[in-house]
Protein chains: 2
Amino acid sequence: MTELDTRPLPRDLFHDPDCSEHAQPIRVGGKWTAVVLRCLEDGRPRRFTELRVPLHWITPKVLTETLRSMERNGFVSRTVHDENPPRVEYALTALGRSLLDPLDTACAWARAHTPEIADARESYDTDGGVVSRA
Amino acid sequence: MTELDTRPLPRDLFHDPDCSEHAQPIRVGGKWTAVVLRCLEDGRPRRFTELRVPLHWITPKVLTETLRSMERNGFVSRTVHDENPPRVEYALTALGRSLLDPLDTACAWARAHTPEIADARESYDTDGGVVSRA
DNA sequence: CTGTATCCCGAAAGATACTG
DNA sequence: CAGTATCTTTCGGGATACAG
């Protein structure tokens, strides 16, 4: 590993860390991006309010920010229906669906190693840090 | 998707979002965790100062926090050599190496879709948001 | 050399109220 | 219904100085 780019990561930025010019941690979005992805993965478009429910009534401000960021990155589409009352529907794009793949991989890893990590933490916490001397 | 856990995510927490009890964005660590992983992926143990170089002279405080978090999760081992001056070496554990797999998947995705995302952003920014009416 | 101890800052997230 | 407008809080991250 040679050179790393240390510029800060905006919330809606993603990165290819293998590319030496952008060798930063990957971040596809803010705290809620992955969860929104999950909410939409079945392909059915959802309305704004409809999305708030599974997100534990996330505040409209934060949901808007999340959706705008995802829209700008091309992960979701936003469709405005000219009705009264207004109806707006969000759906995953092909690019958004493609994100489910790496997400699933990460989830699988987390699921598989959860116990291992819990163990590591427990011994670290009780023993006050595992020190190996040599 | 039914219930989501909305508790805030500490910096050193990871999650299995398929598990309804922990349906939060995945985060294996802070800003530098993935980069440290990359620095150690060749298997050679590195010293504290040695790690700072490829991380663009990250401040000791932040590096310490990152390494402690990774150590607690069982991603890296910390070996203290009883010498003078002191020598401490960090190396990936088996668990840490296993993290390279999902990381690579994410990197591959980022690399593959970078142009697509750049395009989406450009049209979003120039057109002031893509509005589709129906 | 390998860290701590403080102080500080900005971005992101949340609370609350209001609007077309 | 689908957001905006403000305000406030939280916290990760950085700068600097110092210690064992």
Side-chain angles (χ1 to χ4, degrees), chain A residues 4-13 24-25 27-36 45-53 55-72 76-91 128-129 131-134, chain B residues 4-13 24-25 27-36 45-53 55-71 76-91 129 131-134:
Chain A
L4 293 182
D5 181 355
T6 56
R7 287 172 299 185
L9 281 177
R11 73 182 294 287
D12 63 343
L13 202 57
Q24 279 281 346
R27 190 158 181 218
V28 272
K31 183 176 176 181
W32 297 102
T33 301
V35 194
V36 170
R46 305 278 155 91
R47 309 175 60 163
F48 190 85
T49 307
E50 205 172 354
L51 281 173
R52 292 189 63 194
V53 180
L55 300 180
H56 269 207
W57 300 102
I58 177 179
T59 63
K61 180 203 159 211
V62 175
L63 180 55
T64 300
E65 285 171 356
T66 304
L67 289 171
R68 288 289 180 279
S69 141
M70 295 179 74
E71 199 192 343
R72 191 171 101 96
V76 298
S77 63
R78 179 171 179 271
T79 306
V80 179
H81 299 262
D82 243 335
E83 307 173 357
N84 195 311
R87 184 160 60 100
V88 178
E89 285 186 322
Y90 295 89
V131 192
S132 91
R133 300 194 167 274
Chain B
L4 292 183
D5 181 355
T6 55
R7 287 173 300 184
L9 281 176
R11 72 182 294 287
D12 63 343
L13 203 58
Q24 278 282 347
R27 195 166 175 210
V28 273
K31 182 177 176 179
W32 297 102
T33 301
V35 194
V36 170
R46 305 276 156 92
R47 309 176 60 165
F48 190 85
T49 307
E50 205 172 354
L51 280 173
R52 293 189 63 195
V53 180
L55 301 180
H56 270 209
W57 300 103
I58 178 179
T59 63
K61 179 204 161 210
V62 175
L63 180 54
T64 300
E65 286 170 356
T66 304
L67 289 171
R68 288 290 179 278
S69 141
M70 295 179 74
E71 198 192 342
V76 297
S77 63
R78 178 171 180 270
T79 305
V80 179
H81 299 262
D82 243 335
E83 306 173 359
N84 197 312
R87 184 162 61 101
V88 179
E89 286 187 322
Y90 296 90
V131 191
S132 93
R133 301 195 167 273

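Because the structure is a prediction, the values reported are computed rather than measured. Throughout, a chain's letter reflects where its sequence line sits, starting with A, and its residues are numbered from 1.
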In whole angstroms, how far is the [atom2] atom of [N] from the [atom1] atom of [X]?
| X | N | atom1 | atom2 | result |
| --- | --- | --- | --- | --- |
| A:N84 | C:dT19 | CG | P | 18 Å |
| B:D82 | C:dC1 | CG | P | 18 Å |
| B:L63 | C:dG3 | CG | C1' | 10 Å |
| B:H81 | C:dG3 | NE2 | P | 12 Å |
| A:L55 | C:dA13 | CG | C1' | 14 Å |
| B:E65 | D:dG12 | CD | C1' | 8 Å |
| A:I58 | C:dA15 | CD1 | P | 11 Å |
| B:H56 | D:dG13 | NE2 | P | 17 Å |

Residue pair A:R78 / A:V88, side-chain heavy-atom distance below 4.5 Å | yes

Min side-chain heavy-atom separation A:E71-A:R68 under 4.5 Å = yes

So, is B:W32 near the phosphate of D:dG14, with a side-chain N or O under 4.0 Å from OP1 or OP2?
->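 Checking D:dG14 against B:W32, a side-chain N or O does come within under 4.0 Å of OP1 or OP2.
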
Enumerate the protein-to-nucleotides 2-7 of chain D contacts in which both atoms are nitrogen or oxygen and the separation is below 3.5 Å.
| unit_1 | atom_1 | unit_2 | atom_2 | d |
| --- | --- | --- | --- | --- |
| D:dA2 | OP1 | A:R47 | NE | 2.9 |
| D:dA2 | OP1 | A:R47 | NH2 | 3.2 |
| D:dA2 | OP1 | A:V88 | N | 3.2 |
| D:dA2 | OP2 | A:T49 | N | 3.3 |
| D:dA2 | OP2 | A:T49 | OG1 | 3.0 |
| D:dG3 | OP1 | A:R78 | NH2 | 2.6 |
| D:dG3 | OP2 | A:Y90 | OH | 2.7 |

To the nearest 0.5 Å, what is the distance between CD (A:E50) and CZ (A:R87)?
->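 Between A:E50 CD and A:R87 CZ, I get 10.0 Å after rounding to 0.5 Å.
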
Measuring from B:L67:CG to B:Y90:OH, what's the distance to the nearest 0.5 Å?
-> 5.0 Å

For B:R52, what residues pass the side-chain hydrogen bond (donor to acceptor under 3.5 Å, both in side chains) criterion, not counting sequence neighbours?
->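 Checked B:R52 against side-chain hydrogen bond (donor to acceptor under 3.5 Å, both in side chains); zero matches.
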
Among all residues two or more places apart in sequence or in another chain, which pass the side chain to side chain contact (heavy atoms under 4.5 Å, CB included) test with B:V62?
->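 Testing B:V62 for side chain to side chain contact (heavy atoms under 4.5 Å, CB included), a comparison that skips the adjacent residues, returns B:W32, B:I58, B:T59, B:T66.
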
